[in-house]
There are 2 protein chains.
Amino acid sequence: MDGKIVNLRSKLEIYKAGSGGGNLADCPVRDVIQGISNKWSSLLMEALAEKPYRFGELRRLVPDISQRMLTQTLHDLQRDGYVHRQVFPTKPPSVEYSLTDLGRSMFGPLHQLIQWAELNHSAVREARKVFDAAEG
Amino acid sequence: MDGKIVNLRSKLEIYKAGSGGGNLADCPVRDVIQGISNKWSSLLMEALAEKPYRFGELRRLVPDISQRMLTQTLHDLQRDGYVHRQVFPTKPPSVEYSLTDLGRSMFGPLHQLIQWAELNHSAVREARKVFDAAEG
DNA sequence: AGTGCTGGTCTCTTTTTGAGACTAACATAT
DNA sequence: ATATGTTAGTCTCAAAAAGAGACCAGCACT
């Protein structure tokens, strides 16, 4: 009964923090996916995939992101190597954000998922309606 | 100067809550993507894509998810129509979770993203190291 | 009678997110 | 000259979400 689970573990070992004293970074999927599974990451990636944007442009483009979260999400995307941040010494200084090669590479599969979301939005909404009707 | 932004808005209108009194649900991408952009959703989807699992099996498979978040994430995935929950009247009763057709459909593109993550994990880690070295 | 298994819920604490005020240096308008 | 707006943020405080762990009922096994 327990042997069943042990066998499965070998395939999904990747998800665990590592039984041999490892930490989160030992799991590639969790380490990378959680970096882009934020509320705003995919949104900003989609925007920047179209063309580079400046901070204020992004803020106006996605009006309900707080300035604080915009700063932080861009910072995190930059840290993970998806986004390049370039400061222009104008007055007042302006900052342009653009995708790196790594960012464009990652956006490929992300875009597939986004397209699925657009295509299947109604199915998901219908599922929710049915579920909510069955049990409040 | 402002016309630039206005033009871009037409392409990214999809991200906004809707200027005509619409709400979040009017944006398919945000509505669907945010449902699976949780800390644990992709992890559980990956597990269930392999085969159906019972509650306790999932808990042991992903040891550092709290029981509370496992319950809640499975509930949300079920509500969005990705996961089917079946109760068996054994003693004690057991509950099996499995992917629906919609869930398997969504897992296609999600799996692509996961594969990218596995493949490019080292690149992301390297980017972080460089970034952290440059500015603490 | 005691222990363990099942799939959860309830409460409490910590972490994350959101709202909004505040900054500094310069440009433009009055 | 003075007021106002622009830039890209930071800082503080409140609200929401997540994590830790105790607790539950019903039954099987010892």
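The sequence lines fix the lettering, A, B, ..., with proteins before strands; numbering per chain opens at 1.
Among the atoms of the strands shown, none is found under 4.0 Å from any heavy atom of A:Phe88. Note on A:Arg54: only backbone sugar-phosphate atoms sit closer than 4.0 angstrom, heavy atoms only; bases stay farther off. Using a 4.0 Å heavy-atom distance criterion, B:Gln67 is classed as a base contact.
OP1 or OP2 of C:dG8 has at least one side-chain nitrogen or oxygen of B:Tyr97 nearer than 4.0 Å. For the OP1/OP2 pair of C:dC5 and a distance below 4.0 Å, the side-chain nitrogens and oxygens of B:Arg59 include no atom meeting the criterion. Distances shorter than 4.0 Å separate some side-chain N or O of B:Lys39 from OP1 or OP2 on D:dG19. Between B:Trp40 and D:dG19 there is a side-chain N or O to OP1 or OP2 distance below 4.0 Å.
Following rounding to the nearest Å, A:Gln34 (CD) and D:dA18 (P) show an atom-to-atom distance of 12 Å. Rounded to an integer number of Å, the gap from CE of A:Met69 to C1' of C:dT15 is 12 Å. Whole-Å rounding puts the A:Leu43 CG to C:dG18 C1' distance at 16 Å.
The existence of a salt bridge linking B:Arg59 and B:Asp64 is excluded, since no basic side-chain nitrogen approaches an acidic carboxylate oxygen closer than 4.0 Å. Salt-bridge annotation for B:Arg79 and B:Asp76: absent, with no side-chain N of the basic residue lying under 4.0 Å from a carboxylate O of the acidic one. Taking the charged nitrogens against the carboxylate oxygens, B:Arg125 and A:Asp80 have no contact shorter than 4.0 Å, which rules out a salt bridge. The existence of a salt bridge linking B:Glu57 and B:Arg60 is excluded, since no basic side-chain nitrogen approaches an acidic carboxylate oxygen closer than 4.0 Å.
Between B:Phe131 and A:His75, the ring planes lie perpendicular to each other; the angle is over 60°, past the 30° to 60° tilted range.
Residues B:Leu48 and B:Val83 share a closest heavy-atom pair of CD1-CG2, 3.7 Å.
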**OP:** Classify every nucleotide of nucleotides 24-30 of chain C by which part a protein heavy atom approaches to under 4.0 Å, writing B for the base, S for the sugar-phosphate alone and - for neither, in 5'-to-3' order.
**Re:** --S----
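Out of D:dA20, D:dA8, C:dG20, the shortest distance to the side chain of A:Arg68 is found at C:dG20. Ranking C:dA19, C:dG8, D:dA8 by closeness to the A:Phe55 side chain, first place goes to D:dA8.
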Side-chain donor-acceptor contacts of residues 88-99 of chain A below 3.5 Å, not counting sequence neighbours, with atom names and distances?
residue	atom	partner	partner atom	Å
A:Thr90	OG1	A:Pro92	O	2.9
A:Thr90	OG1	A:Ser94	N	3.3
A:Tyr97	OH	A:Arg85	NE	3.3

